[in-house]
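This report concerns only the one structure given below.
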Amino acid sequence: MTSRLVLAIGDLHIPDRAADIPAKFRKLLAPGKIGQILCLGNLTDKDTYDFLRSVAPDLQIVKGEFDVEAPGLPLSKVVTHGSLRIGFTHGHTILPQGDSDSLLIAARQMDVDVLVWGGTHRFEAYELEGKLFVNPGTATGAISSGWWTEGDAPIPSFCLMDVQGSVLVLYVYQLRTDENGVESVSVEKVTFRKEMPTPPVTDKA
């Protein structure tokens, strides 16, 4: 049976801003568990591309602002799982970056129920006007080109989506480091249910 799990991952920036996907994440991303990968761009080295292809051969990629060696990549794509249309884009073309109104406009233009975007290197998930918006953050903890305060470095993260019909269950994996330098992976769960149109009531004769 093909796995219905969908991995959302992005802003890897290897080797420019990060050495690799964290070992604890690589262990979780074992081949055969994931059916499809939505990569939000800035996949800047072949070794990581090959690794993701080994995790799931169905690797869907959109263009990030640093994917200069892959000019043919689209800026956005749409896939369908169950009754949900899921759109994904890196996000650098949506301005202001991460703005909820701009993301809502993009979701409407793509005619999607779920919009996955990146670029900010921060995990986010929220509902707005019946749509789900998900930013999986950066899988490597790479610093973004924006301004970061000291001690406020990005937390490595990725998301898995499990779609059953009109319901999407989102699992958020974050790699946290305590004050002693010990790493651990935390998992949070978010559930989204698409609002289905109510069938018209007909009078029975």
Please list every donor-acceptor pair under 3.5 Å in which a side-chain atom of residues 50-61 meets a protein atom from a residue at least two apart or in another chain.
| unit_1 | atom_1 | unit_2 | atom_2 | d |
| --- | --- | --- | --- | --- |
| D50 | OD1 | K46 | NZ | 3.3 |
| D50 | OD2 | K46 | NZ | 2.8 |
| R53 | NE | P57 | O | 3.3 |
| R53 | NH1 | Y49 | OH | 3.2 |
| S54 | OG | F51 | O | 2.5 |
| D58 | OD1 | Q60 | NE2 | 2.7 |
| D58 | OD2 | Q36 | NE2 | 2.9 |
| Q60 | OE1 | K77 | NZ | 2.8 |

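- Residue Y171 is not grouped with residue F133 when hydrophobic side chains (ILVMFWY) are merged at heavy-atom distances under 4.5 angstrom, including chains of intermediate members.
- Judged as a side chain to side chain donor-acceptor pair (under 3.5 Å), the pairs with a partner in residues 128-138 (not counting sequence neighbours) are, in order, R108-E129, T120-N135, T138-T140.
- Between the side chain of S76 and the backbone N or O of F88, no donor-acceptor pair lies under 3.5 Å.
- In the hydrophobic clustering of ILVMFWY residues, with side-chain heavy atoms under 4.5 Å counting as a link, L12 and L175 come out together.
- F25 and Y173 have their aromatic ring centers separated by at least 6.0 angstrom.
- In terms of heavy-atom proximity, A19 sits nearest to I14 at O-CG2, 3.4 Å.
- Although no hydrogens or angles enter the test, the distance criterion places no donor-acceptor pair under 3.5 Å between the side chain of R176 and the main chain of E183.
- For the pair R26/D20, a side-chain contact is recorded, criterion being any heavy-atom separation below 4.5 Å from C-beta on.
- Across all non-hydrogen atoms, the minimal contact from P154 to A142 is CG-O, 3.4 Å.
- Under the 3.5 Å distance criterion, with hydrogens and angles disregarded, no donor-acceptor pair is assigned to the side chains of Q97 and H92.
- D178 places a side-chain N or O within donor-acceptor distance of the main-chain N or O of N180, the cut-off being under 3.5 Å.
- Judged by distance alone, with hydrogens and angles left aside, the side-chain atoms of D162 form no donor-acceptor pair with the main-chain N or O of L5 at under 3.5 Å.
- You'll find the side chain of I86 reaches within 4.5 Å of the side chain of L38, heavy atoms only.
- Residues F192 and V167 form no side-chain contact, since every pair of their non-hydrogen atoms from C-beta on lies 4.5 Å or further apart.
- Of the candidates H90, H121, R17, N42 forms a side-chain hydrogen bond (donor to acceptor under 3.5 Å, both in side chains) with just one, namely H90.
- Proximity of L40 to V116: side-chain heavy atoms (C-beta onward) are separated by under 4.5 Å at one or more points.
- Residues M161 and R4 fail the side-chain proximity criterion, which asks for heavy atoms closer than 4.5 Å.
- Residues T48 and L43 have side chains in contact (heavy-atom distance under 4.5 Å, counting atoms from C-beta outward).
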